[in-house]
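Okay, structure first, notes after.
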Amino acid sequence: MEKIISINKNNTNLIDEFIKNAGDSLSSFRYFEKRSISFIENHLYTCVLLFEGVSVGYGHLDYENKIVWLGIALAQDYTGKGFGKKIMLHLINFAEENNIKKIRLSVDLLNFNAINLYKNTDFKVLMKNEN
């Protein structure tokens, strides 16, 4: 059974657990590379997805330079199970409930699973950067 948990300063250990479980999936989600766990203080919303009590998914809405950025990541062994879509829809619902009208995200061009997920949740390609 899966459950999405809101993250605050009292349960950031769930993010640490996700990072530990993520495996190679973080190679295409480099958000954690240059940030300490205190980054969540600047987020509009942060969550993890628990599956059978284990942190296997992560999502956030982050406000930076007048833009709301969405980010999600799944642990390597938990892709293709619909968890990414659950996190996406949860974040989109949060945005709608909080009158956030525009969300952006970036994705590696070779992350085809993520690109398909984003297209299936009505995100549009605005720009391709080959660098």
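Quantities reported herein were computed from a predicted structural model and do not represent experimental measurements.
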Please answer: with hydrophobic residues joined when any side-chain heavy atoms are less than 4.5 Å apart, are L89 and F94 in the same cluster?
no
Do you know the tightest heavy-atom contact between K66 and Y63?
CA-OH, 3.2 Å
Hey, could you give me the NE2/CD1 distance between H90 and I5, rounded to the nearest 0.5 Å?
9.0 Å
Okay, side chain of D77, backbone of N21: is any donor-acceptor separation there less than 3.5 Å?
no
With a 4.5 Å cut-off on side-chain heavy atoms, are I4 and F83 touching?
no
Which pair of heavy atoms, one from L26 and one from F18, lies closest together, and at what distance?
CD2-CE2, 4.1 Å
Go through it in stages, so that I can follow the logic: the residues are S55 and L14, the test is side-chain contact (heavy atoms from CB on, under 4.5 Å), and I'd like the CA-CA distance, side-chain angles, deciding distance and then a yes or no.
CA-CA 6 Å; S55 295; L14 294 172; 3.6 Å; yes
Taking only residues two or more places apart in sequence, or in another chain, which ones meet I72 in a side chain to side chain contact (heavy atoms under 4.5 Å, CB included)?
L70, I87, M88, L91, L117, Y118
Is it true that the side chains of E97 and N93 contain a donor and an acceptor less than 3.5 Å apart?
yes
Here the salt bridge (Lys or Arg N to Asp or Glu O under 4.0 Å) pairs for residues 2-13, sequence neighbours left out, are E2-K86
Run V56 and L74 through side-chain contact (heavy atoms from CB on, under 4.5 Å) and show every step you take.
CA-CA 6 Å; V56 300; L74 291 174; 5.5 Å; no
Should T46 and I15 count as side-chain neighbours, where that means a heavy-atom distance under 4.5 Å?
yes
Any side-chain heavy-atom pair from T12 and I7 closer than 4.5 angstrom?
yes
About how many Å separate SG of C47 and CG of N8, when rounded to the nearest 0.5 Å?
12.5 Å
Return the orientation label for the Y58 and H43 ring planes: parallel under 30°, perpendicular over 60°, tilted otherwise.
tilted
Closest heavy-atom pair, I100 versus I103, reported as atoms and distance to 0.1 Å, is CG2-CG1, 4.3 Å
Residues which pass side-chain hydrogen bond (donor to acceptor under 3.5 Å, both in side chains) with D24, listed by chain and number, not counting sequence neighbours
none
